[in-house]
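These notes concern the structure reproduced below.
Letters A, B, ... mirror the listed sequences (proteins, then strands); counts begin at 1.
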Number of protein chains: 2
Amino acid sequence: MSLPHAILTALLEKPSSGLELTRRFDKSIGYFWSATHQQIYRELGRLEAEGLIRTLPAEQPARGQRKNYEVLPAGRAELARWTAAAHDPKPHRDVLFLRLRAAAVVGTGGLEADLRRHLELHRRQLAKYQEIEDRDFPPDRDSPQDRLRHLVLRAGIDLETFWTQWLTHALSEFAELSGEGAGNREPADG
Amino acid sequence: MSLPHAILTALLEKPSSGLELTRRFDKSIGYFWSATHQQIYRELGRLEAEGLIRTLPAEQPARGQRKNYEVLPAGRAELARWTAAAHDPKPHRDVLFLRLRAAAVVGTGGLEADLRRHLELHRRQLAKYQEIEDRDFPPDRDSPQDRLRHLVLRAGIDLETFWTQWLTHALSEFAELSGEGAGNREPADG
DNA sequence: CAGGTTTGTGCAACAAGTTGCACAACCACG
DNA sequence: CGTGGTTGTGCAACTTGTTGCACAAACCTG
């Protein structure tokens, strides 16, 4: 439902080929919407068939040749419509919560190490985001576009902050649990 | 990848029929892993075929008859293995961030109203979680199982807190943007 | 006991995302 | 000039989740 609109946005920011798009989805856009090149090519084909984008008229190459796409007015209109339309927030489908719930039943053995690993990963991601913020969003530059992009980055920073704090708390709970004596790793059998 | 394990967890907590599971997925488990009854029935069939669960031997009914499932030792082992295995955290795939990024290109018209709606929804969800916390996690009850479940609930509370704060911030930015004069709703055309 | 509603189980088709691979052109290097 | 790596495009099969519907039994209610 959303990948075509992510592509339209990226193409409006700058007309690109499939591979260029893939690279941008590995960087900035990919922080909140990842996609493989296979997905992107498939979607580019659909969007072209629907008349929302077209290849830049300069070139008309054969298979295996680079193609540059740009957004047509119908594509811009569709993106504007989608952006303004109501979308319900979806619950956070996180495997980690599931695993904690499972651990309450089958024991916490091995889980702690992975929590530590996650903590480290989230700390790194947080540092990366903060670096981007320092580099790309100095206090003076202040166009509406900058503000909106900054807003998205802030969400990323705040979410990573949440994860580092929550994982730290979780690990301290784990430490207490295993410090309370035997019988805590494997709860009573059903 | 995770639904079967969610079902195993739920069945270990209490052997149930498909519909009972569906109801529990609409409540507590569904806060972080939702599933429809169709998904659940399909998965129950697979889990039974793999020998991880079985119908309670008491009854052996025909189609349209209630069936109660319980977890077999192999199922418990698989759940323990999965819980302890390493899983990489996935990026937050949120449509809202995509829409903000799109709004930076096609304008913010209409988006503000939906942000307000989201804020209201997240406030309500937060209130619901806090109610559950007050009701189900008094400071005295303190078994390892309780602690782990409380940890998951805390994550839900903190995430909803994040959303309400971030959305409030986003709306204040929007107010500033539209207060700065004309030409801000539709950025310069390409 | 006839007829409608609720409860419970389940299939089929579809949509979205993932994985694996194929293949063309271009470029560098001996 | 040929051959091997890199760049770029794309198909096919699979997995997971969603939507729509079918159908049986149980339970009311006149």
Can you find a side-chain donor-acceptor pair between B:R99 and A:S2 that sits under 3.5 Å?
no
Going by distance alone, is a donor N or O of one side chain under 3.5 Å from an acceptor N or O of the other, for A:W166 and A:H122?
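No, no side-chain donor-acceptor contact under 3.5 Å.
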Go through the structure and list residues passing salt bridge (charged side-chain N to carboxylate O under 4.0 Å, His left out) with [X], not counting sequence neighbours.
{"X": "B:R117", "result": "A:D88, B:D114"}
{"X": "A:R23", "result": "none"}
{"X": "A:R116", "result": "A:E112"}
{"X": "B:E50", "result": "none"}

Below 4.0 angstrom, which residues in [range] have at least one non-hydrogen atom near DNA chain D?
{"range": "residues 7-28 of chain B", "answer": "none"}
{"range": "residues 33-41 of chain B", "answer": "B:W33, B:T36, B:Q38, B:Q39"}
{"range": "residues 90-99 of chain B", "answer": "none"}

Can you list every pair that meets ring-ring contact (aromatic ring centres under 6.0 Å, His included) and has a residue in residues 98-121 of chain A, with sequence neighbours left out?
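Residue pairs with at least one partner in residues 98-121 of chain A: there are none.
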Interatomic distance where [atom1] belongs to [X] and [atom2] belongs to [N] [whole Å]:
{"X": "A:L44", "N": "D:dG10", "atom1": "CG", "atom2": "P", "answer": "8 Å"}
{"X": "B:E48", "N": "C:dG10", "atom1": "CD", "atom2": "C1'", "answer": "14 Å"}
{"X": "A:R42", "N": "D:dA12", "atom1": "CZ", "atom2": "P", "answer": "12 Å"}
{"X": "B:E43", "N": "C:dC11", "atom1": "CD", "atom2": "C1'", "answer": "15 Å"}

Aromatic ring centroids of B:Y129 and B:W163 under 6.0 Å?
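No, the ring of B:Y129 stays outside the 6.0 Å limit from the ring of B:W163, centre to centre.
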Just list the side-chain donor-acceptor pairs under 3.5 Å for residues 29-39 of chain A, sequence neighbours left out, or say none.
from	atom 1	to	atom 2	distance (Å)
A:S34	OG	B:R93	NH2	3.2
A:T36	OG1	A:Q39	N	3.3
A:Q39	OE1	A:T36	N	3.2

Output side-chain donor-acceptor pairs under 3.5 Å for residues 79-86 of chain A, partner residues at least two apart or in another chain, one line each.
from	atom 1	to	atom 2	distance (Å)
A:R81	NE	A:E78	OE1	3.0
A:R81	NH2	A:E78	OE2	2.9
A:T83	OG1	A:L79	O	2.7

Ion pair check, A:R124 and A:E120, cut-off under 4.0 Å
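A salt bridge links A:R124 with A:E120.
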Can you run down the salt bridge (charged side-chain N to carboxylate O under 4.0 Å, His left out) pairs that involve residues 156-167 of chain B, sequence neighbours left out, and say none if there aren't any?
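Counting only pairs at least two positions apart or across chains, the salt bridge (charged side-chain N to carboxylate O under 4.0 Å, His left out) contacts touching residues 156-167 of chain B are B:R154-B:D158.
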Tell me the bend of the helix from C:dC1-D:dG30 to C:dG30-D:dC1 as the angle between end helix axes, each from five pairs, rounded to the nearest 10 degrees.
10°
Can you check salt bridge (Lys or Arg N to Asp or Glu O under 4.0 Å) on A:R54 and A:E70, steps first, answer last?
CA-CA 6 Å; A:R54 65 167 177 186; A:E70 70 174 357; 2.6 Å; yes
